[in-house]
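See structure below.
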Amino acid sequence: MKNNKFGFSFKNTLIGLFTGFINGVFGSGGGTLLVPILNNIVKVEEHKSHATALAIIVFLTGASSAVYISKGTYDIELTFKVAIGSIIGGIIGAKMLCKVTGKFLRISFGSIMIIAALRMVF
């Protein structure tokens, strides 16, 4: 049975539950998991998976942040300082997304994930 555009999907809900849990525990990971999941499991085109993951992350980070704020695990001053650059960088990155190939996205995203993983381990 095929779902309508906004209908319930057990698979998609499970994906959301998993990525939300990882994001809540580690404070990140939503995008690093969502992009490959959307590409490989849900079969979403490369550009659309990056953009969709970013849209989903708004909800992930909003929910996780609400819990962090309520528990006092939050540096509001640092948040605003970093947010200024993040907003500008996000706008530039979103405009550039439309100008690069899917292959470039895969290679650059994968490279960044490998570098991040190595930095976390070492």
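Computed from a prediction, not measured in an experiment: that's the story for all the values here.
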Hphob cluster co-occupancy, [X] + [Y], side-chain heavy atoms under 4.5 angstrom:
X: Ile37; Y: Val25; result: yes
X: Ile107; Y: Leu118; result: no
X: Ile115; Y: Phe122; result: no
X: Ile56; Y: Ile22; result: yes
X: Ile84; Y: Ile87; result: no

Closest non-hydrogen atom pair, [X] against [Y]:
X: His50; Y: Leu97; value: CB-CD1, 4.2 Å
X: His47; Y: Val100; value: NE2-O, 2.5 Å
X: Thr79; Y: Tyr74; value: CG2-OH, 3.7 Å
X: Leu38; Y: Ala53; value: CD1-N, 3.9 Å
X: Phe18; Y: Leu33; value: CE2-CD1, 3.8 Å
X: Ser49; Y: Val44; value: N-CG1, 3.5 Å

Minimum side-chain heavy-atom gap [X]-[Y] below 4.5 Å:
X: Leu60; Y: Leu34; answer: yes
X: Leu105; Y: Lys103; answer: no
X: Glu46; Y: Thr101; answer: no

If only atom types and distance count, is the side chain of Ser70 paired as donor or acceptor with the main-chain N or O of Val67 below 3.5 Å?
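At least one qualifying donor-acceptor pair exists.
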Inter-residue atom distance Ser64.OG - Phe21.CZ, 0.5 Å rounding:
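Taking OG in Ser64 and CZ in Phe21, the distance rounds to 11.0 Å.
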Can you measure from CD1 (Ile15) to CZ (Phe10) and round to the nearest 0.5 angstrom?
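Here the rounded value is 11.0 Å.
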Please evaluate residues Glu77 and Asp75 with respect to the criterion side chain to side chain contact (heavy atoms under 4.5 Å, CB included), reporting the C-alpha separation (whole Å), side-chain torsions for both, the decisive distance (0.1 Å), and the verdict.
CA-CA 6 Å; Glu77 186 179 326; Asp75 187 331; 3.7 Å; yes
